[in-house]
Amino acid sequence: MTAPVHPRDALHAPGREIAAIAPCEHIAGNEKMIVKAIALQRERRGAFDLTCDCEDGAVVGAEREHAAMVARVLCATDSPAGRIGVRVHDVTHPHWRDDVDILLGEAGARIAYLTLPKPEGVADVARMLDAIGRRAALAGVPAPPVHVLVETHGALAQAAAIAALPAVETLDFGVMDFVSAHHGALGFDAMRSPGQFEHPVLVRAKTELVAAALAHGVVPSHNVSLALRDPEAVRSDARIARERFGFLRMWSIHPSQIAPIVQAMSPSHAEVERSGRILLAAQAASWGPIDHDGELHDRASYRHCWNVVRRAQAAGMVLEPAVAATFF
């Protein structure tokens, strides 16, 4: 009897397969908050990624010490429950190379990704990727994937070229820096809801980023919500970003934002259950077309279902036992 074929083998499609990663990226800047976030990540079974901030989190003049602290904390973290990455300084900052040297040299095996802020275009990202690759090779570790913050006019104009770089895992929209780059032409309300979802300039920027990311198998990640202690406002921002714009992930800047973002950015339980049942039936039919609840399904809808189930698993959702045992 032929063994069942796994969906990752049966549903191959041209292009890069999008990474199934957590729906929330939480950023923490100082040692106390990083340690607390690591504990919370373990409590939530890796439902969010943690990004240690060596850019805005570092005190001016103490950048080297800050990067060394982050490396030390990462090395002291046994069996992390989820992925932990680091945001380094931008390519124009005199310390960005030191960030890369310290982090990859001292904790390279522990770093899941590096976040690159404020590139002006694809050339800046390629320059940083070259340095990252060289330092990783010197440290004897694989070069981590990168998350690229699109927060300048140049990066938005070249978003597709950036997304096409093989090492890029996510394109992240940075609304505050992007609004600031308009020299006062956009009001402060463009940084918060509802303006961030209604102003034509922001609508264009977000839709272009999402289209560029998804066309190249890269995860589009939405900007932060300024509502620090209003979970319903954060949940609304995440829901609009997901349902109206197609973002698959969102940044968190306060621990209270993590739960509503994870909830709103994750697939619904009904969608996950339906997708799982369709995948089980499709596998039983050797991935040929099936009639499921009176609907025709084939490999196109199977790929959609597989992405839904992968995203659910990455978000820490509890899958039906048969789905979990068969596919994960």
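If you run side chain to side chain contact (heavy atoms under 4.5 Å, CB included) between Ser252 and each of Ile261, Ile27, Thr51, only Ile261 comes through. Paired with Asp49 under the rule side chain to side chain donor-acceptor pair (under 3.5 Å), one option of Arg249, His147, His26 passes, and it is Arg249.
Between the side chain of His93 and the backbone N or O of His95, at least one donor-acceptor pair lies under 3.5 Å. Between the Ser266 side chain and the Gln263 main chain, no donor and acceptor come within less than 3.5 Å of each other. Distance alone, capped at 3.5 Å, places no donor-acceptor pair between the His66 side chain and the Val59 backbone. In this structure a side-chain-to-backbone donor-acceptor pair under 3.5 Å is present from Arg311 to Met265. Looking at Arg110, its side chain does come within 3.5 Å of a backbone N or O of Leu74 through a donor-acceptor pair. Distance alone, capped at 3.5 Å, is enough to place a donor-acceptor pair between the Gln41 side chain and the Arg83 backbone. No donor-acceptor distance shorter than 3.5 angstrom exists from the side chain of Gln158 to the backbone of Gly121, with no hydrogens or angles considered. Within the 3.5 Å criterion, the main-chain N or O of Val5 finds no donor-acceptor partner in the side chain of Asp9. Remark: side-chain polar atoms of His182 are paired, donor with acceptor, to backbone N or O of Phe178 under 3.5 angstrom. For the pair Gln257 (side chain) and Pro255 (backbone), a donor-acceptor distance under 3.5 Å is absent.
With a 4.5 Å cut-off on side-chain heavy atoms, Val141 and Ile111 do not count as touching. For the pair Asp130 and Arg134, the minimum side-chain heavy-atom distance is below 4.5 Å. In this structure, Val86 and Asp99 have side chains that are not in contact, with every pair of non-hydrogen atoms separated by 4.5 Å or more. Between Glu120 and Val91, the closest side-chain pair of non-hydrogen atoms is not below 4.5 Å. Contact annotation: the side chain of Met191 approaches that of Ser180 to within less than 4.5 Å [non-hydrogen atoms, C-beta and beyond]. By the 4.5 Å heavy-atom criterion applied to side chains, Val73 and Ile38 are counted as neighbours. Between Asp53 and Met33, every side-chain heavy-atom pair lies at or beyond the 4.5 Å cut-off. Residues Trp96 and Asp90 have side chains not in contact (no heavy-atom distance under 4.5 Å, counting atoms from C-beta outward).
One distance of note links CE of Met69 with CD1 of Ile34; it measures 4.5 Å at 0.5 Å rounding. Rounding to the nearest 0.5 Å places NE2 of His222 at 11.5 Å from CG of Asp172. To the nearest 0.5 Å, atoms CG (Leu149) and CG (Asp177) are separated by 8.5 Å. Rounding to the nearest 0.5 Å places CZ of Phe48 at 15.0 Å from CE of Met250. Rounding to the nearest 0.5 Å gives a distance of 14.0 Å between CG of Leu50 and NZ of Lys36. The CD1 atom of Ile132 lies 5.0 Å from the CG atom of Leu114; values are rounded to the nearest 0.5 Å.
Counted within 6.0 Å of NE2 on His269, heavy atoms from surrounding residues, nucleotides or ligands total 12 or fewer; the atom is thus considered open. Few gaps surround CZ on Arg16; more than 12 heavy atoms of other groups in view lie less than 6.0 Å from it.
Using a 4.5 Å cut-off between side-chain heavy atoms of Ile, Leu, Val, Met, Phe, Trp and Tyr, with links allowed through other members, Phe328 and Leu280 fall into the same hydrophobic cluster. The hydrophobic clustering, which links ILVMFWY residues whose side-chain heavy atoms are closer than 4.5 Å, places Phe173 and Val201 together. The hydrophobic cluster containing Val308 does not contain Leu248, counting ILVMFWY residues as joined when their side-chain heavy atoms lie under 4.5 angstrom apart, directly or transitively. Neither Val125 nor Tyr113 shares a network with the other; the hydrophobic side chains, linked directly or stepwise wherever heavy atoms of I, L, V, M, F, W or Y lie under 4.5 Å apart, form separate groups for each. Linking Ile, Leu, Val, Met, Phe, Trp and Tyr whenever their side-chain heavy atoms come within less than 4.5 Å puts Val150 and Val219 in one cluster.
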Pair Arg135-Leu103, side chain to side chain contact (heavy atoms under 4.5 Å, CB included): steps then yes or no: CA-CA 10 Å; Arg135 189 62 183 87; Leu103 292 165; over 6 Å; no
Full working for side chain to side chain contact (heavy atoms under 4.5 Å, CB included) between Val175 and Trp251: CA-CA 11 Å; Val175 68; Trp251 277 49; over 6 Å; no
Val234 vs His254, side chain to side chain contact (heavy atoms under 4.5 Å, CB included): CA-CA, chis, key distance, verdict: CA-CA 11 Å; Val234 174; His254 190 277; over 6 Å; no
Side chain to side chain contact (heavy atoms under 4.5 Å, CB included) assessment of Leu165 paired with Val148: CA-CA 11 Å; Leu165 295 171; Val148 180; over 6 Å; no
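In this structure, His6 and Phe327 have perpendicular ring planes: the angle between them is above 60°, well past the 30° mark. Classification of the His292-His297 ring pair by plane angle, with boundaries at 30° and 60°, yields perpendicular.
The two atoms that bring Val323 and Leu319 nearest to each other are CG1-CD1, 4.4 Å, heavy atoms only. Closest heavy-atom contact between Arg242 and Phe247: CD-O, 3.0 Å. Shortest non-hydrogen contact noted between Ser256 and Leu228 is OG-O, 2.8 Å. Across Leu156 and Leu209, no two heavy atoms sit closer than the pair CD1-N, 4.4 Å. Nearest heavy atom pair, residue Val309 against residue Leu279, reads CG2-CD1, 3.8 Å. Contact between Ile253 and Ser225 at its shortest, heavy atoms only, is CD1-O, 3.8 Å.
Salt bridge status for Asp293 with Arg277: absent, with no side-chain N to carboxylate O gap under 4.0 Å. Taking the charged nitrogens against the carboxylate oxygens, Lys118 and Glu55 do have a contact shorter than 4.0 Å, which makes a salt bridge. Using a 4.0 Å cut-off between a side-chain N of Lys or Arg and a carboxylate O of Asp or Glu, Arg87 and Glu25 do not qualify as a salt bridge. Ion pairing of Glu232 with Arg235 is present here, as a side-chain N (NZ or NE/NH1/NH2) and a carboxylate O approach within less than 4.0 Å.
Note that Lys206 lies in the cation-pi zone of Phe197, set by a 6.0 Å cut-off to the ring centre and a 45° limit from the axis.
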